[in-house]
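Sequence lines set the chain letters: A, B, ... in the order given, protein chains first and strands last, and positions in each chain run from 1. In this text the structure is predicted, and so the values were computed from the model without any measurement.
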Amino acid sequence: MSNYDESNSELLTIELNLLFEGIYQRYGYDFRNYSKAHIRRRVLSRLALSNLTTVTELLDKVLREPEFFKVFLDDLSINVTEMFRDPQFYQSFRENIVPKLKTYTFIKIWHAGCSTGEEVYSLAILLHEEGLLDRCQIYATDFNRKVLEIAKEGVYQKAEMEQFENNYIKSGGQHKLSDYYKSMYGSVILRKDLSKRIVFADHNLVTDSVFAEVNLIMCRNVLIYFEKQLQNKVLNLFHESLIPSGILCLGTKESIKFTSVDSKFEIVDPKQKIFKKKII
Amino acid sequence: MYQAIVIGTSFGGLEALKTILPALKEDFPLPIIICLHIGEHNNEVFIRHLSEICKLPVKEAEGNEPILPGVVYFAPPNYHLQVEADLSFSLSTDKKLNFSRPSIDILFETAAWAYKDKVVGIILTGANSDGAHGLKTIKEFGGKTIIQNPCHAASPVMPRFALKIAKPEVRLHLEEIANYLNKLTT
């Protein structure tokens, strides 16, 4: 049971603000405009795990112990993902986006918030099957260096593969997912040729700016953690980074409706949240 | 005096909701926020069906959406639904809690933080323990806690866990719940 309840919930709000201000000033990671409900859950669970009583104690420890901050940073990043998560999205991508990509001689793709990489490799498999991978340069970025290391390795749990295989089939996959990996003990290792066109890099959507002009941006289930004004900021960053007619793919429950870029994109697939940057 | 109703249910939940929601009065003054475990299936079909048989509008909750009185909201499949302090929704793809996403505990806990003692939490039929701790949090914050009588629930497991862990204030038969809520909000 946490030490916070209705009697000191105002205090918790103040302490959380101080915590994220402190983290921003000390380490440059900016969680100040993240949605609060989720982040509060993570903070309270860290208090319990580390035997701390108050968020102020947590702040003290975070400021003075960079190693502890790394642990806490992991608490704050969401690393739950799947290969071919939301199979209908990949199906729509094959139908609606691939024909357009085939008209380009060279395709630059930015996968923002790639986490442990499952979805980047899914995209690489799809592009490979469509004969496009060799024409692509994929930048896969995340602010969490630890998950980037896992993504680079391309090694996943064997136990997860049944689910991933199901997703792959539903997504319109042309072979078997097992054609793309080797099993070793309880793990699978993805084929190295899948990553030859992928560059994994450290990039923070909240604090970093445009780093390349790209044909397509995929950023799924990242914006849901941001408050409205931060969503607007990041969507504008995406708009700036895309070439005219460039494609933006968001998560199934994410939207540009009621944001400041609403009028700057046209809708390609309203359900799978695929958008195209307007020319003017 | 109350500002929101939150409902959690799993096995047998859709049938139970079909009893409660259409019987709520037309000018029901509170939002009704529901976490129903339906696996990864689409919400669309039953939301359309409920819209047809209810007097109140029924929709899937969206991220950043302001929560409005008299609207029935459902958590989207495969996302946790959270209530923010400014009384809007946020979503998360965080790992499952009690083998569930959406998790009733997460909805109820965040609702308690946002509404304090101004929320009514209800646990209906269900086959797992999700929601019991969330209901307890609502009680600790001073909100009203209700369970469907486990003896008559399609699956008694969920209300029974809630009974044991949260010691809720009110126990009702399914058929009594709508009337109770109508009166509570008059």
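Scanning all heavy atoms of the two residues, the minimum distance from Leu44(A) to Trp113(B) falls at CD1-CZ2, 3.9 Å. Taking each heavy atom of Asp5(A) and Phe141(B) in turn, the nearest pair found is C-CZ, 3.8 Å. Lys95(B) approaches Val80(A) most closely through the heavy-atom pair N-CG2, 3.4 Å. The two residues Tyr225(A) and Leu91(B) make their nearest non-hydrogen contact at CE2-O, 4.1 Å.
For residues 52-76 of chain B, the interface with chain A (any heavy-atom pair closer than 4.5 Å) comprises Glu60(B), Glu62(B), Asn64(B), Pro76(B), sorted by residue number. For residues 173-186 of chain B, an interface with chain A (any heavy-atom pair closer than 4.5 Å) does not exist.
In this structure, Phe20(A) places its CZ atom where more than 12 heavy-atom neighbours from other residues, nucleotides or ligands lie under 6.0 Å away. A 6.0 Å sphere centred on NE2 of His38(A) holds more than 12 heavy atoms belonging to other residues, nucleotides or ligands. Other residues, nucleotides and ligands contribute over 12 non-hydrogen atoms within 6.0 Å of the CZ atom of Phe69(A).
Only one option out of Arg85(A), Arg220(A), Lys253(A), Glu82(A) pairs with Thr93(B) in a side chain to side chain contact (heavy atoms under 4.5 Å, CB included); it is Arg85(A).
Judged purely by atom type and a 3.5 angstrom limit, Glu84(B) uses its side chain to pair as donor or acceptor with the backbone of Ala37(A).
In this structure, Asp94(B) does not pair ionically with Arg41(A), as no charged nitrogen and carboxylate oxygen lie closer than 4.0 Å.
Residue Thr110(B) touches chain A through both its backbone and its side chain, counting heavy-atom pairs closer than 4.5 Å.
Taking CD1 of Ile39(A) as the reference point, atom OG of Ser92(B) lies at 11.5 Å (rounded to 0.5 Å).
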